[in-house]
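All values reported here derive from a predicted model rather than from experimental measurement.
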Amino acid sequence: MLKIKNLCKKFGEKVIFEDFNFQANKGEFVTILGGNGAGKSTLFNLISGTLFPDSGEILIDGIDVSFMPEHKRAKFIGRVFQDPLKGSSPNLTVEENIALAASKNVKNNLRLATNRQNSELFKEKLSPLNLGMENRFNDKAGDLSGGQRQVLAIFMAMICQPKILLLDEHTAALDPKSQEKILDLTEKITQNTEITTLMITHNMTIVERFNENVVTLG
Amino acid sequence: MSIYISTCSQGLIWAILALGIFITFRVLNFADMTAEGSLTLGGAVCAVLISNGINPILSIVISGFAASIAGLITGVLHTKFKIQAILSGVLTMIALYSINIRIMGKANVSLLGKRTVFSTSNQNFAVGLTVCALLTIVLSLFFKTRLGLAIRATGDNEQMMKAHGANTDFKKILALMLSNAFCGIAGALIGQSQGYADVNMGTGSLVIALASIVIGEAMFTKDAILLKLIAVVFGSIAYRLIVFFVLNFGMNPSDLKLFTAVVVAAFLALPNIRKRIVRSAKNVKN
Ligand SMILES: Nc1ncnc2c1ncn2[C@@H]1O[C@H](COP(=O)(O)OP(=O)(O)OP(=O)(O)O)[C@@H](O)[C@H]1O
Ligand SMILES: [Mg+2]
């Protein structure tokens with residue numbers, strides 16, 4: 001569950017949030033709307049810890065994370081960006097990228113990152129999604145198309161079962177066909193889970209499709 | 001024949017430096033200027049230890065650790081105090097100049113008559129090959145561990161690593177320490193092979209390492225990390241052979257640094273020039 005209480009954030013003189021309150025329950029899917037510069041991405045930055053609030057509280061399952069460093073709260077949070085290139089490491093293979101994302105809560109760091117057992121496990125999780133990604137395991141992530149890289153990014157964001165999934169216009173950079181694919185995937189992975197999903201979009205057809213819970217900023 | 005073998009041995013010893021620079025320059029995307037100071041630091045520490053009767057192999061290991069501290073300092077300056085990458089390295093490098101003189105007590109230390117890893121004549125090639133092979137294998141294995149992969153990904157896409165919960169500052173510091181340890185080990189071996197350590201022995205070494213890397217990359221273009229590292233080693237040997245030939249053709253030794261700089265610039269520019277040519281060829285077609 002995500003709870004935001006009396007959040008304030010200014011950039012210099014510019015007020016982005018003033019006494020902002022928000023709550024999303026376990027398993028809820030919230031669509032976030034608002035014009036350019038309304039503060040949607042800023043909200044995600046505050047939730048994930050790339051920015052800190054001036055005042056107020058951000059609680060994830062009751063834990064106050066407002067000033068927790070980004071890398072510490074990342075275990076609660078999966079994030080997908082608008083730019084597909086931001087979600088994976090181009091010089092590593094698809095499998096290595098997934099393995100990295102999967103090991104984010106694991107300690108023992110001097111083990112080999114990839115092994116057959118994990119590889120099978122990843123493929124098992126991927127194949128019901130029908131994306132063909134399991135055939136590209138040994139290709140460099142940098143060689144994938146934008147749509148494929150976004151599939152990879154979503155899969156990586158989800159693999160550790162985060163409490164909160166943040167999708168920042170995650171289909172905006174894709175062609176209509178890839179968009180459709182990513183939206184299907186988004187639906188599949190967020191339905192019937194305990195994950196709280198926040199999705200930013202400017203696209204009204206997407207809003208209607210996920211027509212549950214809409215919050216408008218600005 | 002023996003002149004070729006000794007040239008190749010030089011290449012092998014200097015390849016350790018190139019592997020170190022590869023970690024920062026190619027893996028971490030960090031132009032680390034500390035290297036020249038670390039190389040000298042490794043040479044200085046090793047020479048002093050050997051002069052005091054310490055086992056030469058142990059001396060090399062200690063030199064590596066000493067140089068890794070230089071990397072630690074650069075890393076902390078950059079990540080914790082937000083000083084630019086280049087400047088952090090330059091500051092440490094400059095500081096090391098004084099420190100290296102303090103360690104040696106003077107500007108150079110001779111190893112004449114001391115027992116080094118190269119003592120029995122003509123061992124250079126065997127020693128260089130052994131150390132190089134060992135470090136290449138260890139490094140390539142390391143880059144396949146979770147930590148190693150995380151370091152590669154940090155250099156590749158830092159934002160993504162942060163979003164996935166990695167402490168990227170720590171990864172950078174660790175990579176800098178590892179890189180500088182390689183530079184220190186290289187310095188220790190170079191000092192032993194030439195028979196002295198000198199406060200200026202690191203000057204110009206960075207560009208030699210870069211030359212080895214870009215020449216290696218031009219020779220092999222494979223993605224697997226082990227092959228990339230092997231390419232660096234071969235690049236270093238190739239660089240030494242090229243230098244040997246141009247000097248034999250009568251190039252003035254003092255022009256060597258100019259020559260090396262031009263080689264590096266040319267190889268770095270090559271892919272971009274190629275792209276431009278392809279693009280303008282397309283434009284002509286259209
Ligand atoms: N780190 C920052 N420092 C200063 N100003 C910032 C920072 N981040 C965002 N801003 C400003 O805050 C405002 C809100 O930005 P934000 O990126 O949250 O908008 P957005 O709602 O995501 O817009 P868009 O739909 O264009 O993505 C903008 O005016 C932006 O310039
Ligand atoms: Mg935005």
**OP:** Would you mind telling me which of A:P90, A:A101, A:G78 has the largest number of heavy-atom pairs within less than 4.5 Å of chain B?
**Re:** A:P90
Original post:
So what's closer than 4.5 Å to chain A heavy atoms on B:A166: side chain, backbone, both or neither?
Top reply: backbone
**OP:** Would you indicate whether A:F137, at its atom CZ, is surrounded by more than 12 heavy atoms from other residues, nucleotides or ligands within a distance under 6.0 Å?
**Re:** yes
Original post:
Which pair of heavy atoms, one from B:L141 and one from A:L112, lies closest together, and at what distance?
Top reply: O-CD2, 4.2 Å
Which donor-acceptor pairs under 3.5 Å do side chains of residues 261-271 of chain B form with protein atoms, sequence neighbours excluded?
none

Subject >> Greater than 12 external heavy atoms within 6.0 Å of B:F170's CZ >> reply: no
Subject >> Whether over 12 other heavy atoms sit under 6.0 Å from B:I57 CD1 >> reply: no
**OP:** Mind listing the closest non-hydrogen atom pair of B:A163 and A:A74 along with its distance?
**Re:** O-CB, 3.6 Å
For chain A against chain B, give me the donor-acceptor pairs closer than 3.5 Å, one per line with atom names and distance.
residue	atom	partner	partner atom	Å
B:K144	O	A:A113	N	2.8
B:R146	N	A:N109	O	3.4
B:R146	N	A:R111	O	3.0
B:R146	NH1	A:N108	O	2.8
B:L147	N	A:N109	O	3.0
B:D156	OD1	A:N91	ND2	2.8
B:D156	OD2	A:S89	OG	2.5
B:D156	OD2	A:N91	N	2.7
B:N157	ND2	A:L85	O	3.2
B:N157	ND2	A:K86	O	3.2
B:N157	ND2	A:S88	O	2.8

Subject >> More than 12 heavy atoms of other groups within 6.0 Å of B:F65 CZ >> reply: no
Subject >> Residue A:L85 versus chain B: region with a heavy atom under 4.5 Å >> reply: backbone
